[in-house]
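Data block below; observations after.
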Amino acid sequence: MTHIKHKIEQNMEQKTAIVTGASRGIGHAVAERFRSLGWRVITVSRSPIPGGCPRSQEHNTHVCMDLSDLSQIGQMVETLRPMLGDAKLHALVNNAGVSPKGPGGSRVNSLTTDMQTWQEMYNTNFFAPLALTRGFAQELSNARGSVVNLCSIAGYRVHPFAGSAYASSKAALASLTREMANDMAPLNVRVNAIAPGEIDTAILSPGTSHIVDTQIPLRRLGTTAEVADLVEFLCSERASYITGAEIPIDGGQRI
Ligand SMILES: NC(=O)c1ccc[n+]([C@@H]2O[C@H](COP(=O)([O-])OP(=O)(O)OC[C@H]3O[C@@H](n4cnc5c(N)ncnc54)[C@H](O)[C@@H]3O)[C@@H](O)[C@H]2O)c1
């Protein structure tokens with residue numbers, strides 16, 4: 001808190017980020033990372049921040065929204081825009097994501113996933129990032145901002161637990177990342193993706209320890225702090241010549 005005050009006292013511009021899916025896991029770690037750097041962070045998730053988040057409530061910076069619902073996605077930009085005081089958005093982190101599971105956490109495939117689940121999955125994992133990135137193009141441009149999309153290793157190899165709907169929605173998001181990096185470069189907006197392997201959050205399936213023992217050269221799960229490091233880097237000036245990339249963070253799992 002002292003360093004935030006210090007920055008404001010020094011008359012430095014306070015940066016703003018929007019992070020979706022920030023109630024837990026990777027999104028929560030990313031939001032906390034930006035806050036620790038003095039950024040103003042607007043968070044979106046299906047559920048309230050656990051135990052309440054006094055700082056968010058105080059500054060009215062958390063919005064509960066179900067991104068699997070197309071009609072809510074449509075209203076999302078209009079709901080969030082007034083929260084950007086100076087019409088500048090320095091970082092948009094499209095992190096919210098969902099992976100359907102069968103009984104006992106089993107894998108559901110392209111034949112066993114019902115069509116409604118396919119639709120909800122694509123709404124959350126693909127259409128929400130598309131709508132937010134398009135919707136805030138001007139505000140991102142005003143700040144020479146950066147977009148980071150959370151894809152997955154499952155987007156480019158068949159994963160033992162992630163279902164087909166999840167995997168294909170993440171592959172589509174990776175492709176969209178390249179397209180939008182190209183389309184938004186003239187606006188001075190960079191668009192990148194990261195592809196996590198097995199990160200220690202609630203989204204993991206019960207059998208993940210077997211993957212760690214047999215498929216991950218570094219023989220451990222990744223941490224949310226390690227992912228937050230990468231997101232922070234991609235949103236910083238240090239990454240000013242990186243756009244359209246999909247960076248794996250997987251302990252070597254893909255090799
Ligand atoms: N943890 C991993 O191993 C891993 C691996 C690859 C990719 N990812 C991706 O990283 C991102 C974060 O995953 P995580 O591991 O932190 O998962 P998590 O389940 O712990 O958190 C997911 C977050 O997304 C939000 N969310 C989910 N559905 C939503 C909806 N319909 N509307 C609004 N918010 C919704 C949840 O509220 C939560 O805050 C996801 O996109 C996920 O696909 C995670």
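Quick note: numbers below take in every heavy atom, side chains included, and nothing from hydrogens, waters or symmetry partners.
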Would you kindly say whether [X] and [Y] are connected by a side-chain donor-acceptor distance under 3.5 Å?
X      : Y      : result
Thr113 : Tyr166 : no
Glu120 : Thr117 : no
Glu198 : His159 : yes
Asn149 : Thr177 : yes
Thr133 : Asn94  : yes
Thr43  : His62  : yes

Using side-chain heavy atoms (C-beta onward) and a distance below 4.5 Å, is [X] in contact with [Y]?
X      : Y      : answer
Phe136 : Arg81  : yes
Leu230 : Val227 : no
Pro248 : Ile153 : no
Phe161 : Leu204 : no
Met121 : Val98  : yes
Leu132 : Thr20  : yes
Asp200 : Thr223 : no
Pro217 : Ile255 : yes

Sidechain-backbone polar pair: [X] side chain, [Y] backbone, donor-acceptor under 3.5 Å:
X      : Y      : answer
Asn95  : Leu150 : no
Asn192 : Ala245 : yes
Thr243 : Ala181 : no
Thr201 : Ile203 : yes
Arg40  : Leu84  : no
Arg220 : Gly251 : no
Ser168 : Ser164 : yes

With the 4.5 Å side-chain cut-off for hydrophobic clustering, are [X] and [Y] part of the same group?
X      : Y      : value
Leu70  : Leu80  : yes
Ile247 : Val93  : yes
Val158 : Val212 : no
Ile199 : Ile211 : no
Val77  : Leu176 : yes

Enter the distance from [X]:[atom1] to [Y]:[atom2] here, rounded to the nearest 0.5 Å.
X      : Y      : atom1 : atom2 : value
Ser152 : Ile194 : OG    : CD1   : 10.5 Å
Thr112 : Asn109 : OG1   : CG    : 3.5 Å
Met180 : Leu187 : CE    : CG    : 10.0 Å
Tyr156 : Glu246 : OH    : CD    : 5.5 Å
Lys88  : Lys15  : NZ    : NZ    : 10.5 Å
Thr224 : His28  : OG1   : NE2   : 8.5 Å

Identify the heavy atoms of [X] and [Y] that sit nearest to each other, and give their distance.
X      : Y      : value
Ala162 : Ser99  : CA-OG, 4.3 Å
Ser23  : Ser45  : CB-OG, 3.4 Å
Gln72  : Asp66  : OE1-N, 2.9 Å
Ala167 : Ala154 : CB-O, 3.2 Å
Ile73  : Ala131 : CG2-CB, 3.5 Å
Pro100 : Val108 : O-CG2, 3.6 Å

Review point. Could you walk me through whether Trp118 and Ser169 pass the side chain to side chain contact (heavy atoms under 4.5 Å, CB included) check?
Key: CA-CA 9 Å; Trp118 274 89; Ser169 68; over 6 Å; no
Check your understanding: Can you check side chain to side chain contact (heavy atoms under 4.5 Å, CB included) on Leu130 and Arg134, steps first, answer last?
Key -> CA-CA 6 Å; Leu130 172 63; Arg134 282 165 59 119; 3.6 Å; yes
Review point. Could you go step by step and tell me if Leu173 and Asn125 meet the side chain to side chain contact (heavy atoms under 4.5 Å, CB included) rule?
Key: CA-CA 7 Å; Leu173 183 59; Asn125 296 358; 5.8 Å; no
Practice item. Test Asp229 against Phe233 for side chain to side chain contact (heavy atoms under 4.5 Å, CB included), laying out the working first. Key: CA-CA 6 Å; Asp229 281 341; Phe233 168 70; over 6 Å; no
Point to revise | Flag if over 12 foreign heavy atoms under 6.0 Å of CZ, Arg254 | key: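 Yes.
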Practice item. Answer yes or no: does atom CZ of Arg144 have more than 12 heavy-atom neighbours from other residues, nucleotides or ligands under 6.0 Å? Key: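 12 or below, so no.
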Check your understanding: How are the rings of Trp39 and His90 set relative to one another: parallel (under 30°), tilted (30 to 60°) or perpendicular (over 60°)?
Key -> perpendicular
Point to revise | Lys/Arg N to Asp/Glu carboxylate O, Glu232 vs Arg33, below 4.0 Å | key: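 Yes, Glu232 and Arg33 are salt-bridged.
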